[in-house]
Amino acid sequence: MDNCETCAYYTYDDEWECYVCEMNIDEDEYARLMQGHYKRCPYYRDGDEYIIAKKQ
């Protein structure tokens, strides 16, 4: 799987006081993701803003 810490959907939740994935998926999809049905997370989006700036 991709590194969640660099994903754009991985953000800090002040209420829970921890980092969470904010991708809106249902329970079945989450279970498949956690059971290893995917080699890479299909929802991963690079959160590195500098990559975009380098292309400009």
Measure the spacing between [atom1] of [X] and [atom2] of [Y] and express it to the nearest 0.5 Å.
| X | Y | atom1 | atom2 | value |
| --- | --- | --- | --- | --- |
| Y9 | I25 | OH | CD1 | 11.0 Å |
| C7 | E22 | SG | CD | 10.0 Å |
| R32 | E27 | CZ | CD | 11.5 Å |

How far apart are the closest heavy atoms of L33 and P42, and which atoms are they?
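Nearest pair, atom of L33 first, then P42: CD1-CD, 3.9 Å.
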
State, to 0.1 Å, how close D13 and E15 come at their nearest heavy-atom pair, and which atoms those are.
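It is OD1-N, 2.8 Å.
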
Aromatic rings Y10 and Y19: how do their planes relate, parallel, tilted or perpendicular, breaks at 30° and 60°?
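Geometry flag for Y19 against Y10: parallel rings.
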
Judged by atom type as modelled, is there a donor-acceptor pair below 3.5 Å linking the side chain of N3 to the main-chain atoms of T6?
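No; judged by distance alone, with no hydrogens or angles, the pair does not exist.
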
How about E17 and Y12: do any of their side-chain heavy atoms sit closer than 4.5 Å?
yes

Distance-only side-chain donor-acceptor flag, Y30 / Q35, under 3.5 Å
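There is no such pair (donor and acceptor under 3.5 Å, judged by atom type) between the side chains of Y30 and Q35.
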
Hydrophobic clustering (ILVMFWY, side-chain heavy atoms < 4.5 Å, transitive) - are Y43 and M34 grouped together?
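Yes; Y43 is reachable from M34 via cluster members.
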
